[in-house]
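Presented below is the structure to which this report refers.
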Amino acid sequence: MRALRFDRFGDLQVLGLAEVPDPAAGDGEAVIEVKAASVSRSDLVNIAGGFEETTLPRIPGRDFAGVVVDGPPDWVGVEVWGTGGDVGFTRDGSHAQMINIPAAALARKPERLGFDEASTVGVSFITAWLGAVEAAELGKDEAIAVFGVSGGVGAAVAQVAHTLGAWVIGVDRVRPAEGTPAAAIIREFVALGGSPQEAASEIKRVTAGKGADVVYDAVGGVTTPTALASLAHRGRLVVISSVGPPTVEIDLVELYRNETRVYGCNSTRYDLVESGARLQRLAPFFDSGDFRPQSIAGRYSLEDSVDAYRAVENRVRGKVVICP
């Protein structure tokens with residue numbers, strides 16, 4: 001089969017197409033014919049050497065959707081989707097014509113989604129679910145401020161929060177575009193760009209002086225002072241990334257007096273099997289229309305897959321998909 005591959009870390013020049021043996025399903029395994037696989041920013045970080053666990057040579061790619069062609073007989077021919085913190089890092093990923101995964105990771109693709117749409121969901125929605133539901137335990141009628149609401153994870157968080165019955169404050173440099181999933185959900189929008197205190201004061205204003213019960217910071221680092229200042233008493237801060245310097249100054253007196261709780265969430269800690277179980281929980285929300293994937297900005301063949309990476313590197317708005 002043909003696959004995108006890299007045998008050293010670096011810029012996009014380390015990526016190249018290669019002919020590699022077709023995977024075969026061993027005991028407890030399944031082979032998926034990949035119909036679509038999205039490119040995430042973590043894929044870019046991976047080839048640049050940003051994940052110390054990655055072993056080489058490696059086929060990159062975390063998210064995928066396709067059809068089972070080998071493995072448990074009752075799964076052969078079934079349309080599936082998947083993602084995982086191990087795939088593309090310690091085992092070969094989805095930017096190839098086929099991928100081998102544990103049979104226990106198999107998850108049926110929502111019927112409502114096409115292969116290309118389903119391939120864009122994994123990283124964003126798993127990360128959103130981990131932070132909002134499993135870590136912060138966001139509840140009905142709570143206020144959540146989503147920093148980075150115009151991005152992939154932020155838009156997913158907004159939808160998860162809305163479905164839980166929370167009310168969503170979108171926080172970003174630019175408002176989500178009309179027609180996007182997040183645009184119809186956010187009750188208030190707060191613009192970033194001024195001093196940290198300006199946005200925090202606005203979040204306090206729209207919450208009648210209370211502050212947000214949860215701040216989901218999908219940016220991190222440069223936004224941390226604003227995020228902390230935006231929290232209500234006993235508020236929960238979820239951190240999933242860091243932009244700029246990896247260290248920030250925190251007023252510990254203010255932190256403990258406010259009884260603030262801080263949660264770090266890392267989707268790469270959850271392998272294909274663990275992530276597959278979560279995708280099965282998410283699937284009904286997509287079939288019902290409660291959750292919608294981001295729009296697709298570009299579709300690329302495997303031969304043009306480096307251009308797909310380049311589009312993500314250039315921060316194209318929307319998802320980028322490779323269709324082998």
message: When you measure from the side chain of Asn100 to the backbone of Glu29, do you find a donor-acceptor pair of N or O atoms at a distance under 3.5 Å?
response: no
Nearest-0.5 Å distance, CG of residue Asn266 to CG of residue Leu130: 9.0 Å
task: Group every Ile, Leu, Val, Met, Phe, Trp and Tyr by side-chain heavy-atom contacts under 4.5 Å, then state whether Leu272 and Val31 land in the same group.
output: no
Same cluster (ILVMFWY, side-chain, under 4.5 Å), Leu231 and Tyr263: no
message: Pair Phe291, Val160 - check side-chain contact (heavy atoms from CB on, under 4.5 Å), show working.
response: CA-CA 7 Å; Phe291 292 172; Val160 170; 3.8 Å; yes
- request: Decide yes or no for Ile101 and Ile99: does some side-chain heavy atom of the first lie under 4.5 Å from some side-chain heavy atom of the second?
  value: yes
message: Tell me the closest heavy-atom pair linking Glu117 and Thr120, and the distance in Å.
response: O-OG1, 2.7 Å
query: Is the CD atom of Glu134 crowded by more than 12 outside heavy atoms at less than 6.0 Å?
result: yes
Please list every donor-acceptor pair under 3.5 Å in which a side-chain atom of residues 10-28 meets a protein atom from a residue at least two apart or in another chain.
from	atom 1	to	atom 2	distance (Å)
Asp11	OD1	Gln13	N	2.9
Asp22	OD1	Met1	N	2.8

task: Supply the atom-to-atom distance Arg269 CZ to Asp86 CG, rounded to the nearest 0.5 angstrom.
output: 12.5 Å
query: Distance-only, no hydrogens or angles: does the His95 side chain make a donor-acceptor pair with backbone N or O of Pro324 under 3.5 Å?
result: no
message: Using the rule that Ile, Leu, Val, Met, Phe, Trp and Tyr join whenever any side-chain heavy atoms are under 4.5 Å apart, tell me whether Leu279 and Val34 fall into a single cluster.
response: no
message: Is there a side-chain contact between Tyr216 and Val153 in this structure, where contact means two heavy atoms from C-beta onward sitting under 4.5 Å apart?
response: yes
N/O donor-acceptor pair under 3.5 Å between Arg281 side chain and Ala277 backbone: no
field: Polar side-chain atom of Ser275 near backbone of Tyr270 as donor-acceptor pair, under 3.5 Å
entry: yes
- request: Indicate yes or no: at least one non-hydrogen side-chain atom of Thr260 is less than 4.5 angstrom from one of His233.
  value: no
Gap separating the CZ atom of Arg108 from the CG atom of Leu106, nearest 0.5 angstrom: 9.5 Å
message: To the closest 0.5 Å, what do you measure between OG1 (Thr90) and CG (Asp271)?
response: 8.5 Å
message: Tell me whether Asp43 is salt-bridged to Arg62, with the criterion being a basic N under 4.0 Å from an acidic carboxylate O.
response: no
field: Shortest non-hydrogen contact from Thr54 toward Gly88
entry: CG2-O, 4.4 Å
- prompt: Using 4.0 Å as the upper bound for N to carboxylate O, is an ion pair formed by Glu137 and Arg236?
  reply: no
field: Flag, side chain of Thr226 to backbone of Ala199, donor-acceptor distance under 3.5 Å
entry: no
message: How long is the straight-line distance from OG1 of Thr223 back to CZ of Phe147, given to the nearest 0.5 Å?
response: 6.5 Å
task: Could I get the full list of salt bridge (Lys or Arg N to Asp or Glu O under 4.0 Å) partners for Asp307, not counting sequence neighbours?
output: Arg310
- request: Over all heavy atoms of both residues, which pair between Pro72 and Ala103 is shortest? Give the atoms and the distance, please.
  value: CG-CB, 3.8 Å
statement: Here the pair of heavy atoms bringing Ser305 nearest to Leu4 is OG-CD1, 3.3 Å
field: Pairwise side-chain contact, Val69 with Val76, heavy-atom cut-off 4.5 Å (strictly under)
entry: no
field: Close side-chain approach of Val215 and Val238, heavy atoms under 4.5 Å
entry: no
message: Taking the side chain as everything from C-beta on, heavy atoms only, tell me whether Val67 gets closer than 4.5 Å to Val78.
response: no
message: Side chains of Ser124 and Lys319 only: does a donor on one sit below 3.5 Å from an acceptor on the other?
response: yes
Without placing hydrogens or testing angles, list every side-chain donor-acceptor pair under 3.5 Å for residues 202-211, not counting sequence neighbours.
from	atom 1	to	atom 2	distance (Å)
Glu202	OE1	Arg205	NE	3.1
Glu202	OE2	Arg205	NE	3.2
Glu202	OE2	Arg205	NH2	2.8
Lys204	NZ	Ala229	O	3.4
Thr207	OG1	Ile203	O	2.8
Thr207	OG1	Lys204	O	3.1
Thr207	OG1	Gly211	N	2.8
Lys210	NZ	Asp213	OD1	2.9

- line: Arg234 meets the salt bridge (Lys or Arg N to Asp or Glu O under 4.0 Å) criterion, sequence neighbours left out, with Glu259
query: Does any pair with a residue in residues 64-80 pass salt bridge (Lys or Arg N to Asp or Glu O under 4.0 Å), and if so which ones, sequence neighbours excluded?
result: Glu79-Lys109
message: If you apply the rule side-chain contact (heavy atoms from CB on, under 4.5 Å), what do you find for Val39 with Val321, and how did you get there?
response: CA-CA 6 Å; Val39 182; Val321 175; over 6 Å; no
- prompt: Is the side chain of Ser241 donor-acceptor paired with the backbone N or O of Ala218 at a distance under 3.5 Å, no angle test?
  reply: yes
task: Show your working on side-chain contact (heavy atoms from CB on, under 4.5 Å) between Thr268 and Phe51 and close with a plain yes or no.
output: CA-CA 10 Å; Thr268 65; Phe51 294 94; 3.9 Å; yes
Distance-only criterion, 3.5 Å: show the donor-acceptor pairs between side-chain atoms of residues 164-191 and protein atoms not counting sequence neighbours.
from	atom 1	to	atom 2	distance (Å)
Asp172	OD2	Val149	N	3.3
Asp172	OD2	Ser150	N	2.9
Thr180	OG1	Ala177	O	2.6

query: Would you say Val121 and Ile126 are hydrophobically clustered, going by side-chain heavy atoms of ILVMFWY under 4.5 Å?
result: yes
task: Please examine the side chains of Asn46 and Phe6, heavy atoms only from C-beta on, and report whether any two atoms are closer than 4.5 Å.
output: yes
Closest non-hydrogen atom pair, Asp92 against Ile59: OD1-N, 3.0 Å
- prompt: Is there a donor-acceptor pair under 3.5 Å between the side chain of Ser94 and the backbone N or O of Asp63?
  reply: yes
message: When you group the ILVMFWY residues by side-chain heavy-atom contacts below 4.5 Å and let the links chain together, are Tyr256 and Leu228 in the same group?
response: no
message: With side-chain contact (heavy atoms from CB on, under 4.5 Å) as the criterion, how do Glu313 and Arg315 come out once you've worked through the C-alpha distance, each side chain's angles and the decisive distance to 0.1 Å?
response: CA-CA 5 Å; Glu313 184 179 55; Arg315 296 188 178 275; over 6 Å; no
query: Between the main-chain N or O of Val146 and the side-chain N or O of Asp217, is there a donor-acceptor pair closer than 3.5 Å?
result: no
query: Taking the inter-plane angle between the rings of Phe285 and Trp129 on a 0 to 90° scale, is it parallel (under 30°), tilted (30 to 60°) or perpendicular (over 60°)?
result: tilted
query: What are the two closest non-hydrogen atoms of Ile240 and Thr127, and how far apart are they?
result: CD1-CG2, 3.8 Å
message: Applying ring-ring contact (aromatic ring centres under 6.0 Å, His included) to Trp81 and Phe286, what does each step give before you reach the verdict?
response: CA-CA 13 Å; Trp81 61 343; Phe286 285 96; 5.8 Å; yes
- prompt: Do side-chain atoms of Ser38 reach the backbone of Ser119 as a donor and acceptor pair under 3.5 angstrom?
  reply: yes
message: With a 4.5 Å cut-off on side-chain heavy atoms, are Ile32 and Met98 touching?
response: no
task: Answer yes or no: is there a donor N or O on one side and an acceptor on the other, between the side chain of Arg257 and the main chain of Glu254, under 3.5 Å?
output: no
field: CG on Leu56 to CD1 on Ile47, rounded to 0.5 Å
entry: 11.0 Å
